[in-house]
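Residue indices begin at 1 and follow the sequence shown.
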Amino acid sequence: MTGSTQQKPVLLLVEDDPGLLSQLRWCFDDFEVLTAQNRDEAIAQLRRGEPSVVTLDLGLPPDPGGATEGLATLEQILSLAPETKVVVVTGNNDRDNAVRAVALGAYDFYQKPVDADFLNLIVKRAHRLFELEAENRRLSARQATEPLPGLIAASPEMLKVCRTVEKVAPTDATTLLLGDSGTGKEVVAQALHGLSRRKKGPFVAINCAAIPENLLESELFGYEKGAFTGAVKQTRGKIEYADGGTLFLDEVGDLPMPLQAKLLRFLQERVIERIGGRGEIPVDVRVVCATHQDLSTLIAEDRFREDLFYRISEITIHIPALKDRTGDAHLLARVLLERLAGKQGRTMRGFSQDAQSAIERHDWPGNVRELENRIKRAVIMAEGNQVTAEDLELSADGEDPLMLNLRRVRDEAEGKAVRRTLQMVGGNISRAAELLGVSRPTLYDLLKKHELGKEG
């Protein structure tokens, strides 16, 4: 019995008449029914039960004869759970407030006296729409948020990077990834490997900045038994282990000059010599390098070989900082929140308005890594089931910069606003139109104008 109850969708009935509430709760056999008699109870049940459908009497205390409290409850429900379908129940002579409720975002309205069978039909129809929209969001999310395996993005800046990766991956061109720390260079390197003909081979990564200089050579090239004190057996290096696959050299800008010469020879000849060895060992490997440093500056300071730079940068891919990826901070935040909350066994209902504003305004100097760390901490520390700006330890203060009244600047700002709003609301057209202060037809025109059809 318990198992079947858990599988039922949740319905919340908000009604201040205890007799009617008791009568209604037994009319919905296909739902797990929760009840509330005022706004505070309704919001508490909404947070606890996450209903797909809510029936809401507009005449709630302390205004049972009017609709102010009911409409305020409606707005709060839709603010906390915009996907929830709200069916408004009104008095006989209250059609105007019912229409107003629908304009605010209610799914439908029904006038008293209540016909249980007819209301049941409306509720079931609302739930079917909720399920269809949820499934559509899941399908869209899978297709739109991972343009490359493991890479979450939808911004034009990152989609351009993805198109470059798709073109480069089938080749064996040595590729240099440039980007700040935390931008996801290793994820892009893994995508290059996963889309290549070498995908069944090994992907071997080594961080050149994380290994002491005196050990790095043996890590890369391996050594023969007796080559130095402690070399008790023959040991292969990372380059040999990557044979048939991809070698990822992260932070290649930190490679010591003597090793730069040895790496250059390997890239030219595709053979290595172990430390203490005399024979050349051929290695078939695709090399991907990455760094957050400005290699041209290092070259000018004689800290990086110019000939090695040209050898490792047959193809160069610049990965933009998170602050330069239009709308990706919101997209990444939602995906990371769902993923990290699941690991912690918590159910989180997204971000509060101040958290969304804070995510929008923060510069993210630590990029995706900083975002992930802040959300992980917020999931652990949040007291409610929504993450706030305080949970993220961010400030939501500040104002948008003033835009000049020029056509091109206005169009760019308009397109950016539409794209970011769509990311914030997960592609919900009605909610996006509401936040932008335009009608749905106007928003569709804007989507077409800025070529956002697929993202929308």
With sequence neighbours excluded, what pairs up with R48 under the salt bridge (Lys or Arg N to Asp or Glu O under 4.0 Å) test?
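Scan of R48 (salt bridge (Lys or Arg N to Asp or Glu O under 4.0 Å), adjacent residues dropped) gives none.
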By salt bridge (Lys or Arg N to Asp or Glu O under 4.0 Å) - contacts of E83 (at least two apart)
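E83: no salt bridge (Lys or Arg N to Asp or Glu O under 4.0 Å) contacts found.
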Examine distances only and state if a side-chain atom of [X] and a backbone atom of [Y] form a donor-acceptor pair shorter than 3.5 Å.
{"X": "R286", "Y": "A173", "value": "yes"}
{"X": "E217", "Y": "I275", "value": "no"}
{"X": "D328", "Y": "A154", "value": "yes"}

Please determine, by modelled atom types, if S430 and R440 share a side-chain donor-acceptor pair under 3.5 angstrom.
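Side chains of S430 and R440: pair found under 3.5 Å.
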How about [atom1] on [X], more than 12 heavy atoms from neighbouring residues, nucleotides or ligands closer than 6.0 Å, or not?
{"X": "E390", "atom1": "CD", "answer": "no"}
{"X": "K376", "atom1": "NZ", "answer": "no"}
{"X": "E213", "atom1": "CD", "answer": "no"}

Value rounded to 0.5 Å, distance of [atom1] in [X] from [atom2] in [Y]:
{"X": "L220", "Y": "I211", "atom1": "CG", "atom2": "CD1", "value": "7.0 Å"}
{"X": "L176", "Y": "T316", "atom1": "CG", "atom2": "OG1", "value": "4.5 Å"}
{"X": "Q353", "Y": "T388", "atom1": "CD", "atom2": "OG1", "value": "13.0 Å"}
{"X": "I77", "Y": "K85", "atom1": "CD1", "atom2": "NZ", "value": "13.5 Å"}
{"X": "N207", "Y": "E186", "atom1": "CG", "atom2": "CD", "value": "8.5 Å"}

Listed by chain and number, what are the side chain to side chain donor-acceptor pair (under 3.5 Å) partners of [X], not counting sequence neighbours?
{"X": "E240", "result": "R274"}
{"X": "S352", "result": "D354"}
{"X": "D284", "result": "R198"}

Minimum heavy-atom separation for N367 and G182, please, with both atom names.
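Closest pair (atom of N367, atom of G182, distance): CB-O, 3.3 Å.
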Any ion pair linking K124 and D30 (charged N to carboxylate O, less than 4.0 Å)?
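Judged by the 4.0 Å cut-off on N to carboxylate O distance, D30 and K124 do form a salt bridge.
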Where does the angle between the aromatic ring planes of F31 and H127 fall among parallel (under 30°), tilted (30 to 60°) and perpendicular (over 60°)?
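The rings of F31 and H127 stand perpendicular, inter-plane angle above 60°.
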Suppose the criterion is side chain to side chain donor-acceptor pair (under 3.5 Å): which pairs have a residue in residues 301-310, not counting sequence neighbours?
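Passing the test, one end in residues 301-310: E301-R303, R305-D307, E306-Y310.
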